Amino acid sequence: MDNQEVAEKFDELADLLAIQGESSFRVNAYRRAAETIRGLGRDLGEITQAGELQKIPGVGQAIAEKIEQLLATGKMQALERVRKEVPPGLLELLQVPGVGPKRAALLWKELRISNLSKLEKAARAGKLRDLRGLGPGVEKNILAGIEALARRTGRIPIGTAWPLAQELLERLRQQPGVRAAEPAGSLRRRKETVGDLDLLAASPDPEKVLAFFTQDPLVTHVLAQGQTKASVELKGGIRAQLWVHPPERFGTALQYATGSKEHNVRLRERALDLGLSLSEHALTRKSGKEILCATEAEVYERLKLPWIAPELREDRGEIEAALAGKLPSLLELSQMTADLHVHTTWSDGHASILEMAEAARDLGLKVLAITDHSQSLGVANGLTPARLREQRKEIQKVQRQLGDSILLLQGSEVEVRADGALDYPDEVLAELDLVIAAVHSSLRQPREQITGRMLRAIRNPYVHLVAHPSGRLIPDREPADLDMEAVLHEAAEQNVTLEIDANPARLDLDDAHARRAAELGCLLAINTDAHSPPEFALREYGVGVARRAWLTRQEVVTAWPRRKVEGWLKRRRSRSR
DNA sequence: GCCGTTTTCGGCCCGACTGTTTTCAGTCG
């Protein structure tokens with residue numbers, strides 16, 4: 001059972017107990033534990049064996065025992081018990097906007113409603129309005145909620161959400177009176193997927209801005225429009241909401257809307273410790289006097305903290321680090337110097353070596369590795385050793401054409417075969433400047449097999465880098481069942497660098513594993529895996545993952561100066577002699 | 001259920017909104 005599954009069990013336990021009317025503090029303790037477990041980047045099994053479960057924040061004796069039980073038996077007694085007491089269908093009721101634990105319990109107790117379809121039937125029959133605390137309004141909202149649920153699109157990949165948000169924000173910024181317009185929520189924190197687009201604007205005249213927003217060409221429906229907030233549906237069913245705050249309160253507003261919820265809870269506790277109350281409108285002294293913050297930096301300053309980058313705001317230790325003066329100096333897009341994984345028309349790319357090299361140079365990159373597919377990947381027109389040698393000549397030709405402005409490397413994205421052997425013999429690998437090992441097939445092998453296969457590839461002395469290690473595709477393909485902790489340890493041991501594939505459909509490694517990799521001493525490389533020049537722009541999503549993983553320039557090979565990258569290539573190679 | 005250089009017991013974040021109410025409960029973010 002992996003971390004994700006354990007987290008889901010605790011979330012379920014929390015939901016069920018909430019329906020039972022259990023103390024919200026206890027319920028929250030389970031939810032917090034679930035959230036922390038999701039962000040660990042290290043297998044709970046490992047942590048259990050090391051006897052370190054209770055070192056996880058929010059995990060005490062009781063939760064530690066439940067985790068151990070889950071890992072050992074696949075079940076948790078406490079959960080099994082409440083599952084018997086609460087009809088399982090009640091959990092899906094919680095998905096309906098307007099139905100929380102209290103109402104779910106009421107619906108069950110009074111009307112024996114135990115699943116969504118029964119709820120819908122009862123609502124249509126007008127039976128909900130007679131319940132205590134409910135009325136025709138709630139009934140109508142619940143029906144609307146059920147319909148919204150039915151046409152709900154899943155989470156939106158950041159690669160879709162970010163450009164849409166930028167387009168909306170750009171138009172807002174051009175409106176007179178709009179002093180600032182920024183993304184907020186998980187979008188600003190650069191999560192790999194977002195639920196909706198949270199946008200924030202500063203203006204002394206909110207209603208005018210909101211009216212403009214609801215008229216945007218991207219908007220298909222206006223779901224709600226008040227004095228400070230509007231909620232709309234965009235093409236493709238994506239939801240967006242805009243809050244407009246007065247400029248002098250924009251700092252607290254942006255801080256609040258950026259979240260995460262967990263980070264904000266910690267921040268408000270911090271405020272209370274300092275005799276202040278923090279809300280989206282202001283910091284308030286006990287006397288009732290407000291302290292207004294126009295910028296986020298002022299909010300953090302008033303709380304006697306350095307400004308914390310949005311990507312870190314997940315309550316994964318950033319507050320403690322800030323207090324200790326140990327926040328990392330996060331990697332920035334402008335620091336990127338290299339891309340070590342791109343394709344050309346030699347395999348399945350859409351542009352020539354020259355076109356890719358010029359595009360990279362124009363973006364200011366100093367090193368570019370041409371890494372077309374290896375021979376066994378027939379569908380992608382993989383290169384035989386003979387074609388590989390021809391390609392080398394062309395790369396050299398382009399290098400002469402472009403001169404010193406950018407260093408071109410000949411690499412290859414070499415298939416790791418089902419048994420862990422690489423797709424070229426050693427003498428061919430030895431001719432390459434850069435060898436990337438990558439798994440594209442047999443991704444559903446059992447854990448032991450695919451882990452062993454990956455470890456064998458990492459131990460190959462010619463391998464510099466492992467591409468998109470988990471093989472996942474968002475949202476279509478789950479990651480391979482890898483023992484990632486073993487993979488990261490071996491990579492650290494063998495001095496093999498791990499990729500953060502910047503394509504928003506991959507973002508692989510993910511943030512949690514990238515952070516763990518760095519903790520273990522691995523180096524990382526942010527590559528675009530570009531198949532055409534415009535895809536170099538995807539770098540920023542890889543940088544987002546790296547920042548969420550607390551990475552600094554030092555840990556990211558593709559942010560190093562050219563000389564240092566060359567040294568890195570040789571250092572690995574010297575091990576192979 | 002967790003947590004503690006104020007505490008091993010008694011706390012545990014904030015406000016808007018909605019619909020139901022005559023002062024508040026529930027939900028949401």
Side-chain angles (χ1 to χ4, degrees), chain A residues 10 13-15 17-19 21-36 53-67 76 78 93-107 128-142 144-145 148 184-189 194-200 223-231 239 241-243 245 249 252-253 255-284 290 299 303 315 319-320 323:
Chain A
F10 279 107
L13 181 61
D15 283 342
L17 289 174
I19 291 171
E22 182 57 71
S23 144
S24 61
F25 299 113
R26 188 176 166 215
V27 170
N28 278 334
Y30 289 129
R31 287 199 211 287
R32 193 163 46 233
E35 206 44 54
T36 307
L53 276 180
Q54 292 193 45
K55 288 190 183 167
I56 301 171
V59 175
Q61 194 181 344
I63 291 183
E65 279 168 13
K66 290 179 171 64
I67 293 172
M76 187 204 303
L93 299 191
L94 300 181
Q95 304 298 310
V96 179
V99 180
K102 294 284 190 328
R103 281 178 188 159
L106 182 73
L107 291 166
L128 304 189
R129 62 186 66 183
D130 300 330
L131 294 176
R132 190 164 39 85
L134 275 63
V138 172
E139 187 175 85
K140 188 165 149 263
N141 284 344
I142 285 178
S186 45
L187 193 64
R188 182 159 180 251
R189 303 201 309 280
V194 303
D196 55 12
L197 312 186
D198 292 330
L199 310 175
L200 210 66
L223 304 169
Q225 183 174 0
Q227 302 196 327
T228 60
K229 180 190 156 176
S231 182
R239 304 227 166 152
Q241 29 198 346
L242 174 71
W243 290 266
H245 286 267
R249 296 178 187 269
T252 39
Q255 196 292 313
Y256 166 80
T258 298
S260 67
K261 191 172 180 352
E262 292 77 15
H263 176 87
N264 286 358
V265 167
R266 294 291 309 276
L267 224 55
R268 291 201 192 106
E269 286 170 358
R270 169 88 185 150
L272 286 178
D273 286 347
L274 297 171
L276 297 165
S277 167
L278 173 62
S279 81
E280 62 264 51
H281 303 296
L283 279 157
T284 311
E290 283 189 329
V299 180
L303 298 176
D315 190 22
I319 308 237
E320 290 78 1
L323 284 167

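What you are looking at is a predicted structure, and each value in this text was computed from that prediction instead of being measured. In what follows, every chain begins at residue 1, and chains take the letters A, B, ... in the order their sequences are listed.
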To the nearest angstrom, the CG-C1' distance between A:D15 and B:dT27 comes to 14 Å
With rounding to whole Å, what would you report as the distance between B:dG26 and B:dT21 at their P atoms?
-> 13 Å
B:dT7 versus B:dG11 - spacing of their C1' atoms, nearest Å | 9 Å
N/O donor-acceptor pair under 3.5 Å between A:R239 side chain and A:S231 backbone | no
Span that lies between the P atom of B:dG15 and that of B:dT20, in whole angstrom | 26 Å
Gap between atoms CG and P, on A:L200 and B:dG29 respectively (whole Å) = 16 Å
Length of the line joining A:I56:CD1 and B:dC3:C1', which is rounded to integer Å = 16 Å
Any protein N or O atoms within reach of nucleotides 10-16 of chain B? Criterion: under 3.5 Å, listing atom names and distances.
from: B:dC13; atom 1: OP2; to: A:E269; atom 2: OE2; distance (Å): 2.7
from: B:dC13; atom 1: O2; to: A:R268; atom 2: NH1; distance (Å): 2.1
from: B:dC13; atom 1: N4; to: A:K261; atom 2: NZ; distance (Å): 3.1

From B:dT27, B:dG1, B:dT20, pick the nucleotide closest to the side chain of A:V138?
-> B:dT20
N/O donor-acceptor pair under 3.5 Å between A:S260 side chain and A:H263 backbone = yes
From CG of A:L223 across to P of B:dC28 the rounded distance in Å is 16 Å
Under 3.5 Å, side chain of A:R129 to main-chain N/O of A:E139, donor-acceptor pair present?
-> no
In which stems does DNA chain B show up, taking only runs of three or more Watson-Crick or G-U wobble pairs whose two distances fall under 3.5 Å?
-> B:1-4 with B:9-12, B:14-19 with B:24-29
At under 4.0 Å between heavy atoms, what does A:V27 touch on the DNA or RNA strands: base, sugar-phosphate, or nothing?
-> nothing
With P as the reference atom in both, quote the distance from B:dT8 to B:dG4 in angstrom, rounded to an integer.
-> 13 Å
Correct closest heavy-atom pair for A:L283 and A:A271 would be CD2-CB, 4.4 Å
Rounded distance (Å) that lies between atom P of B:dG26 and atom CD1 of A:I142 = 13 Å
Which whole-number value in Å describes the distance from A:D130 CG to B:dT20 P?
-> 11 Å
Report which part of the nucleic acid A:K140 touches: base, sugar-phosphate, or nothing (heavy-atom distance under 4.0 Å, all strands).
-> nothing
In whole angstrom, give me the gap between the P atoms of B:dT6 and B:dC2.
-> 23 Å
Phosphate contact (B:dG1 OP1 or OP2) by A:K66 side-chain N/O below 4.0 Å = yes
If you measure from the C1' atom in B:dC28 to the same atom in B:dC13, how many Å do you get, rounded?
-> 14 Å
Looking only at heavy atoms, which two atoms of A:L134 and A:L128 are closest? And how far apart?
-> CB-O, 3.6 Å
Within the side chain of A:N264, is there an N or O that forms a donor-acceptor pair under 3.5 Å with the backbone of A:Y256?
-> yes
Side-chain contact check for A:N141: nearest option of B:dT18, B:dG26, B:dT20 is B:dT18
Apply the test salt bridge (charged side-chain N to carboxylate O under 4.0 Å, His left out) to residues A:R31 and A:E262: give CA-CA distance (whole Å), side-chain angles for both, the deciding distance (0.1 Å), then the verdict.
-> CA-CA 10 Å; A:R31 287 199 211 287; A:E262 292 77 15; over 6 Å; no
Take A:K102 and A:L134, find for each the nucleotide of DNA chain B with the closest heavy atom, and name the residue whose nucleotide sits nearer the 5' end.
-> A:L134
For atom CG of A:L107 and atom P of B:dT27, their distance in whole Å | 9 Å
Where do A:R103 and A:V138 land on the side chain to side chain contact (heavy atoms under 4.5 Å, CB included) test, with the steps shown first?
-> CA-CA 11 Å; A:R103 281 178 188 159; A:V138 172; 4.1 Å; yes
Classify the ring geometry between A:Y30 and A:F10 as parallel (under 30°), tilted (30 to 60°) or perpendicular (over 60°).
-> parallel
Indicate yes or no for a side-chain donor-acceptor contact from A:R266 to the backbone of A:D315 under 3.5 Å, with no hydrogens or angles considered.
-> no
Could you tell me the separation between the CZ atom of A:R132 and the P atom of B:dC24, rounded to a whole number of Å?
-> 16 Å
